[in-house]
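Report on the following structure.
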Amino acid sequence: MLPMSASVNEWSKVLSPRERAVALLIGGGLSNKEVARELGLSPGTVKNHVHSILQKLGERNRNSLIIHRGTRGRFPTSR
């Protein structure tokens, strides 16, 4: 479990590049279907990524990702 205030390096160790991309878009308020369209994935694959992200970050729901993005800025996306 990783705190939402973790550094870019800490996020990189826990989330895959694809999970970081999904987290960024979910944090921006996009639906699974919108994320799937944006990344060229199926909605089911996005749902699986969201589940994995929430488990790895120790969060219970996607709203916490949206709140985090709104209160602390962008998710780390670089290495």
Side-chain angles (χ1 to χ4, degrees):
M1 193 159 52
L2 190 66
M4 293 300 282
S5 61
S7 72
V8 172
N9 288 335
E10 291 170 318
W11 277 73
S12 295
K13 292 176 186 174
V14 174
L15 298 180
S16 71
R18 180 63 80 190
E19 288 170 338
R20 289 193 305 271
V22 170
L24 176 65
L25 295 172
I26 294 296
L30 273 65
S31 68
N32 286 359
K33 187 175 180 179
E34 292 167 328
V35 172
R37 192 175 310 126
E38 181 76 21
L39 298 178
L41 302 171
S42 75
T45 298
V46 172
K47 184 177 178 180
N48 289 338
H49 282 308
V50 171
H51 178 76
S52 178
I53 291 163
L54 294 176
Q55 278 193 314
K56 288 179 179 182
L57 299 180
E59 297 296 333
R60 291 170 51 153
N61 59 58
R62 66 192 289 131
N63 290 336
S64 61
L65 295 176
I66 295 168
I67 291 168
H68 175 75
R69 172 123 192 258
T71 59
R72 297 191 183 148
R74 293 186 59 173
F75 287 98
T77 56
S78 61
R79 297 175 260 143

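The side chain to side chain donor-acceptor pair (under 3.5 Å) check on E34 picks up S31, with sequence neighbours excluded.
Between V22 and L39, the closest side-chain pair of non-hydrogen atoms falls below 4.5 Å. Under the 4.5 Å side-chain criterion, counting only non-hydrogen atoms from C-beta, V46 is not in contact with K33. I26 has its side chain out of reach of H49: every pair of non-hydrogen atoms, C-beta onward, lies at least 4.5 Å apart.
Residue pairs meeting the side chain to side chain donor-acceptor pair (under 3.5 Å) criterion with at least one member in residues 35-44, sequence neighbours excluded: S42-T45.
Atom CD of E19 sits about 13.5 Å away from atom CG of L24, to the nearest 0.5 Å. Taken from CZ in R62 to NZ in K47, the straight-line distance is 10.5 Å, to the nearest 0.5 Å.
Counting all heavy atoms, side chain and backbone alike, P43 lies closest to A36 at N-CB, 3.7 Å.
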Side chain to side chain contact (heavy atoms under 4.5 Å, CB included) for L41 and V35? Distances and angles first, verdict last.
CA-CA 8 Å; L41 302 171; V35 172; 5.7 Å; no
Any chance you could lay out the side chain to side chain contact (heavy atoms under 4.5 Å, CB included) test for L54 and R60, step after step, and finish with the verdict?
CA-CA 6 Å; L54 294 176; R60 291 170 51 153; over 6 Å; no
